[in-house]
Amino acid sequence: MTDQTSNTGAVRPATSAAPKAKSAGFLGLTGKDASLVVLVAVLTLLAPFILNPFPEGSAMAQFNAGYPDLMQRFVIFGIFAIGFNILFGLTGYLSFGHAAFLGVGSYAGIWSMKLLTLNVIPSIIVSVAVAGLFSLLVGWISLRRSGIYFSILTLAFAMMSFALAYSVLTPITGGETGLQLKYFDPRILDGALAQGETPRANLFGLEMGASYEMQVGAWLFTFNAGYYIAAIAMLVAFYLSIRIFRSPFGMMLRAVKSNQNRLNYTGISPKPYTLAAFVISGMYAGLAGGLLVAMDTQVGAERMFWTASGEVVLMTILGGAGTLIGPVLGAGFIKYMENIVSTINKTTLEGWFAFAPDWLTDVLVTIVYPFVGKGWHLTLGILFMAVVIFLPGGLVQGGQKLASMFRRKKATMPPPLNRNPGSERPWAFLKSKTLASASAACRPWATST
């Protein structure tokens, strides 16, 4: 009887042929993604220090951006841009109506504070839910078309929402005057406020406007409760966006952007995936709207105007559409221009150029003034054109190019000259000579020939 088992017929273990899966690291992220989340968290935590590089009272102090209102706008509009990037950056669908979801989320949030409680948690949940439902309706209709027709449909919805908020829905939206909290609002989960008392949003008793100031020499740093609450929300939103980007769902959205017709030929309908991305993006906008209400308890219809939709498009493209951190950078850049560069006036410029003769000061002020103050949009437009032309990948691509230039310079640097090769290991030459002489002594015929 012969043995039926042979070496050639042996089956290899499945583990040797199967590729090894990447092990999940911090919070299910791996490699650069985890490092990026940690970096963003550290920068967010230290923002009061980073955004106040100049001492108070100095000529450069006007460029400090570390005050609560502006820091809150950085992170809130960062959330808005992150959500828009999930739709535009992954699917390529360009929406010009996302401000409608921001406004709807704001209105839902303030009505929650009027009817339920001043606690921001229910307000934010209601904002996200209502904005998600509204985006489901808008997306279900708009996604019947693609390309420029989709963009026009979303813009039409945003303009209709803006018009309704100013006219037909005035009892709900407040019309031109907007909505704000009153002490007599029927908050069923809170106790009644005293007559004339100003209602303030809070998180379980911690008011959003509560701040702590720290004086370090000539520097003044402000730590605001509302900012850190919004920053935590931004970090969670940023983490979820990374998980979406790296998930199979994110891969399907990239397939939609790459070649939707080819995806249709495979028998897979892209509509459920694009609608899900649209709703998720709308919920991000609703979250941003709810946080805006938590920080400033007054809502107007101007948040739904088409310029707000165009602003989030600029944020995403300027920072880098389809990238992870690009929309956050773009949002911070535009809000910095809007709140810092726009405050520079002729008096400020005259102080800058006071070192020059009077005639030269007048010339310099005349040249620079159109680009600052009320003309900050001109500067933003020029920078945006430069980014689109030279850095199609946005600010992220610019950072990557700078990093690659430094790496290239470091790689092309010649190694230091070692004039005495044996100085580090002098015994190496001694050892080699000893071995050579010993070998010759054992084989005298090798030298005789």
Side-chain angles (χ1 to χ4, degrees), residues 43 46-78 81 211 213-224 227 296 300 302 305 307-308 310-315 317-320 328-392 394-399 401-402 405-406:
L43 293 177
L46 301 179
F49 299 101
I50 298 173
L51 297 177
N52 275 333
F54 306 110
E56 292 291 319
S58 64
M60 303 297 290
Q62 65 183 20
F63 291 104
N64 288 341
Y67 53 92
D69 181 67
L70 184 53
M71 291 194 298
Q72 291 167 8
R73 291 183 176 274
F74 284 161
V75 294
I76 292 174
F77 281 91
S211 299
E213 293 184 350
M214 182 174 67
Q215 185 83 31
V216 180
W219 282 264
L220 180 64
F221 305 109
T222 304
F223 303 90
N224 177 255
Y227 162 73
D296 181 12
E302 67 278 355
F305 198 54
T307 54
E311 193 175 61
V312 74
V313 176
L314 290 179
M315 291 174 181
I317 296 177
L318 186 63
V328 180
L329 297 177
F333 185 84
I334 289 180
K335 287 303 170 182
Y336 184 86
M337 295 281 293
E338 180 182 348
N339 291 272
I340 300 298
V341 178
S342 64
T343 60
I344 300 175
N345 51 32
K346 284 188 176 181
T347 304
T348 306
L349 294 177
E350 290 172 355
W352 288 0
F353 304 123
F355 63 90
D358 292 342
W359 66 270
L360 182 57
T361 299
D362 294 338
V363 171
L364 293 174
V365 170
T366 303
I367 294 173
V368 177
Y369 183 67
F371 299 93
V372 297
K374 294 181 179 180
W376 72 272
H377 290 94
L378 177 59
T379 304
L380 179 62
I382 294 172
L383 292 174
F384 182 75
M385 287 191 299
V387 168
V388 171
I389 295 172
F390 300 106
L391 296 172
L395 298 176
V396 172
Q397 183 184 3
K401 283 189 175 183
L402 289 176
M405 287 175 56
F406 283 112

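Start at 1 with the first residue, then count along the sequence.
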Compare all side-chain heavy atoms of [X] with those of [Y] and state whether any distance is below 4.5 angstrom.
X: Asp296; Y: Gln72; result: no
X: Val75; Y: Tyr227; result: yes
X: Phe333; Y: Leu380; result: yes
X: Phe77; Y: Ile334; result: no
X: Gln62; Y: Thr343; result: no

As an exercise, state the distance from [atom1] of [X] to [atom2] of [Y], rounded to the nearest 0.5 Å.
X: Ile382; Y: His377; atom1: CD1; atom2: NE2; value: 13.5 Å
X: Asp362; Y: Glu350; atom1: CG; atom2: CD; value: 7.5 Å
X: Ile340; Y: Asn64; atom1: CD1; atom2: CG; value: 8.0 Å
X: Asn52; Y: Met214; atom1: CG; atom2: CE; value: 10.5 Å
X: Phe384; Y: Ile389; atom1: CZ; atom2: CD1; value: 10.5 Å
X: Leu43; Y: Leu51; atom1: CG; atom2: CG; value: 9.5 Å

[X] versus [Y], closest heavy-atom pair with distance:
X: Ala81; Y: Val312; answer: CA-CG2, 3.8 Å
X: Thr379; Y: Val372; answer: OG1-N, 4.5 Å
X: Leu70; Y: Ala65; answer: CD2-CB, 3.4 Å
X: Trp219; Y: Pro53; answer: NE1-O, 3.1 Å
X: Tyr336; Y: Phe63; answer: OH-O, 2.9 Å

Take Arg73 and Glu338, measure what side-chain contact (heavy atoms from CB on, under 4.5 Å) needs, and give me the verdict at the end. CA-CA 11 Å; Arg73 291 183 176 274; Glu338 180 182 348; 5.9 Å; no

For Tyr67, is there any backbone N or O sitting under 3.5 Å from a side-chain donor or acceptor partner on Thr222? no

Check for a donor-acceptor pair, side chain of Glu56 on one end and backbone N or O of Ser58 on the other, with a separation under 3.5 Å. no

So which of Ile367, Thr366, Thr361 actually passes side-chain contact (heavy atoms from CB on, under 4.5 Å) with Val363? Ile367

Applying the side-chain contact (heavy atoms from CB on, under 4.5 Å) criterion to Ile344, which one of Trp352, Trp376, Phe371 satisfies it? Trp352

Would you say the side chains of Asn345 and Thr348 form a donor-acceptor pair under 3.5 Å? yes

